[in-house]
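In what follows, a single structure is set out as structure tokens and then discussed.
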Amino acid sequence: MSSTAISERVRPAPAGPTDAALVIAARAGEAWACEVLYRRHSGTAYGLACRMLGSRTDVEDLLQDCFLTAFATLDRLDDEGAFRGWLCGMVVRKTSKLIRRRSLLSRLGLRRSLPPPDLDSILSRSTPPDIAVELRQLYARLETFPGDLRTTLLLRRVDGASLEEIAQLTGASLATVKRRLKKGNTMLQDGEGGSGDE
Amino acid sequence: MSERPPSQYFHTPLSEEQRERGWEAIRARLPAQRRQRPRINHAFALAAIALLVVSLVATRLIRPTRGAIDGALLETGIGERQSLELGDGSQIVLEPSTRLQLERVSGREMRLRVEAGAVHASVTHVANRPFTVVAGPVEVHVVGTKFRVELDPTDGDISVAVTEGRVSLSRVDGRPVPGTLGAGETWSSEAASVAAPEPPPIADASAGGTVEPRTPRAVARGPVLSKRFREHWRDGRYAAAWEQVPSSDFEAIIASARPEDVFAVAESARMSGHPYEAARAFDVFRRRFRSDPRAPLAALELGRLRLSELGAPLEAREAFEDAIQLDPNGAFREDSDARLVEALEAAGLAAECAAARDRYLATHPGGLHERMVQRRCR
């Protein structure tokens, strides 16, 4: 399992101003700095959201929401250079919230059904068949899991995130992450499902 | 499952079209301007401040010393209007896209500064308590009245309109003002730049051997550039000149210095390899000094920096279009038109790029950038 942080896993450092400089400029109201941050990190955030949701549905709206929230709350970012990780955390928490909301609406009869995972639209054609099968089974099983368990398991099993990284991305304590992983793995092994919400 | 994370098998590229669509949606909803200062931007916070002031005034806890909310910045967004009721019953209404700084809020003095936009004030008279609203160099001293103060940050235009009562006006720069305004009277100042009166430009100063601004000390606002900066700048030693600009004073210098100095700071930053600071200074220049003949050049340089150094093609587009708007028939028109084509191509806007390319080729046959432009948007 890779221990490289999701937020640092993509591409070498880009040319141009550092993220820290861009964050400082964006805080000062420079729209160009927001644009550069968006261009630099939207691909990573988009991919992460797709993997968390298992499809491309609603991801564009969610991405805009994440960036708007990020730009509106830049003052809360202590380490300006950690923008990417901070943004990824926002993506993870917002996708988790979206899944919970969808599940709730579905249970209340306000939404016909949850959009099924559409892995074919997001999996590369070069994916080995056995891996594709495993991933389809995993996403299908996780559909019935509580949102937080689903997010934790996806970060661990799909993104290969470390426990510390999952804790950082989900805003949960290390102990909570361990507990969720243990419970989720047990449920997967036992073939259990859940209410879809925790 | 494989040892390597399965995330590697996901293929989720964000298309250029999706990226542009997303950015346009985000940009439209970005706040007008944000600042690195204590800022309060919500009705809840406004209400909280009002409550705090009410409480402090009511219990006579306010002292003439610096208060807890002194320096707080109130902002309204596009289409947003907020009202603030002070403890003495005075009411302040912020019009949309307004920034108002509460410089001093106490039982002995109220001093508000309009940084941009307009405020309506209905002030309750309190004996021996000066109530001042500042806009650029103009101070509006209130006795007990209703009035409106507006400051356009792009050109420094200030207007004051009195609805009831009477206000007295003064300027920190010594320029003439009517003195007092009564109900129904208005006063406006076109291009009442904060930096006025203008000291001699750098070239004149160096020629005469006097390089420090001759602005009286009482009028000087904010930090000024050092003699050494001007010497290095005059001799073309841009990196050395740039080293003379303290980073802590950079924002204050470009916000208050005269046009020659802001342009010199921008150019020295650009020439010494500081694209962010250069872009910032050029941006401030074109906004503060729109009637200056260098404003189109500042916009053009800003666009080039955004495009080539900062990687923000849509913001570069905005700057190039501004350069064209500032001087549609000027010397920088061809450059701006050509760079606009580059920006649109870099932004992935194929149709707009092709239209801009064709426009350039039709407008500037045999132009300097013709070959470069012909290759674009394919």
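The figures here come from the full heavy-atom set of this structure, side chains too, leaving out hydrogens, waters and symmetry mates. Naming: A, B, ... by sequence-line order, numbering from 1 per chain.
- In this structure, the side chains of Phe10(B) and Val158(A) come closer than 4.5 Å at one or more pairs of heavy atoms.
- In this structure, OG on Ser7(B) lies 11.5 Å from CG on Leu154(A), to the nearest 0.5 angstrom.
- One N or O on the side chain of Glu35(A) and one on the backbone of Leu314(B) form a donor-acceptor pair closer than 3.5 Å.
- The side chain to side chain donor-acceptor pair (under 3.5 Å) test applied to Ser247(B) returns no partner, not counting sequence neighbours.
- A heavy-atom distance below 4.5 Å is not found between the side chains of Arg51(A) and Pro6(B).
- Distance check: Glu30(A) CD to Leu310(B) CG gives 9.5 Å after rounding to the nearest 0.5 Å.
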Cut-off 3.5 Å, no hydrogens considered: what does the side-chain donor-acceptor table look like for residues 297-306 of chain B, sequence neighbours left out?
unit_1	atom_1	unit_2	atom_2	d
Arg306(B)	NH1	Glu315(B)	O	2.8
Arg306(B)	NH1	Glu318(B)	OE1	3.0

Run the side-chain contact (heavy atoms from CB on, under 4.5 Å) test on Glu60(A) and Arg21(B) for me, step by step, so that the C-alpha distance in whole Å, both residues' side-chain angles and the decisive distance to 0.1 Å come before the verdict. CA-CA 9 Å; Glu60(A) 275 189 68; Arg21(B) 193 164 56 224; 2.8 Å; yes
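- Heavy atoms of other residues, nucleotides or ligands lying less than 6.0 angstrom from CD of Glu150(B) number more than 12.
- Using a 30° and 60° split on the angle between ring planes, Phe71(A) and Trp23(B) fall in the perpendicular class, above 60°.
- Heavy-atom pairs under 4.5 Å with chain B were tallied for Ala21(A), Ser121(A), Cys34(A); the largest tally goes to Cys34(A).
- To the nearest 0.5 angstrom, Glu309(B) atom CD is 10.5 Å from Trp32(A) atom CH2.
- For chain A, the option among Ala312(B), Pro275(B), Pro13(B), Gly311(B) with the highest count of heavy-atom pairs below 4.5 Å is Ala312(B).
- Checked by atom type and distance alone, the side chain of Tyr46(A) never pairs as donor or acceptor with a backbone atom of Arg19(B) at under 3.5 Å.
- No more than 12 heavy atoms of other residues, nucleotides or ligands shown are found within 6.0 angstrom of CD on Glu17(B).
- The distance from atom CG of Leu123(A) to atom OH of Tyr9(B), rounded to the nearest 0.5 Å, is 11.0 Å.
- Contacts between Glu16(B) and chain A at a heavy-atom distance below 4.5 Å involve the side chain alone, from C-beta outward.
- Taking both residues in full, the closest heavy atoms of Ala25(B) and Gln64(A) are given as CB-OE1, 3.3 Å, listed atom of the first, atom of the second, then distance.
- The two residues Thr12(B) and Gly47(A) have their closest heavy-atom pair at OG1-CA, 3.2 Å.
- In this structure, chain B has no heavy atom under 4.5 Å from any part of Arg125(A).
- Of the atoms belonging to Leu119(A), it is side-chain heavy atoms, and not backbone ones, that fall under 4.5 Å from chain B.
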Assess the residue pair Leu63(A) and Gln18(B) against the criterion (side-chain contact (heavy atoms from CB on, under 4.5 Å)); give the C-alpha distance rounded to whole Å, side-chain angles, the decisive distance to 0.1 Å, and a yes or no. CA-CA 11 Å; Leu63(A) 191 66; Gln18(B) 286 176 307; over 6 Å; no
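- Of all the heavy atoms in Gly22(B) and Tyr38(A), the pair that sits closest is CA-OH, 3.4 Å.
- Residues Leu68(A) and Ile26(B) share a closest heavy-atom pair of CD2-O, 3.8 Å.
- Remark: Ser126(A) OG to Gln8(B) CD distance equals 8.5 Å, nearest 0.5 Å.
- The most heavy-atom pairs under 4.5 Å with chain B, out of Ile122(A), Asp130(A), Asp65(A), Thr127(A), come from Ile122(A).
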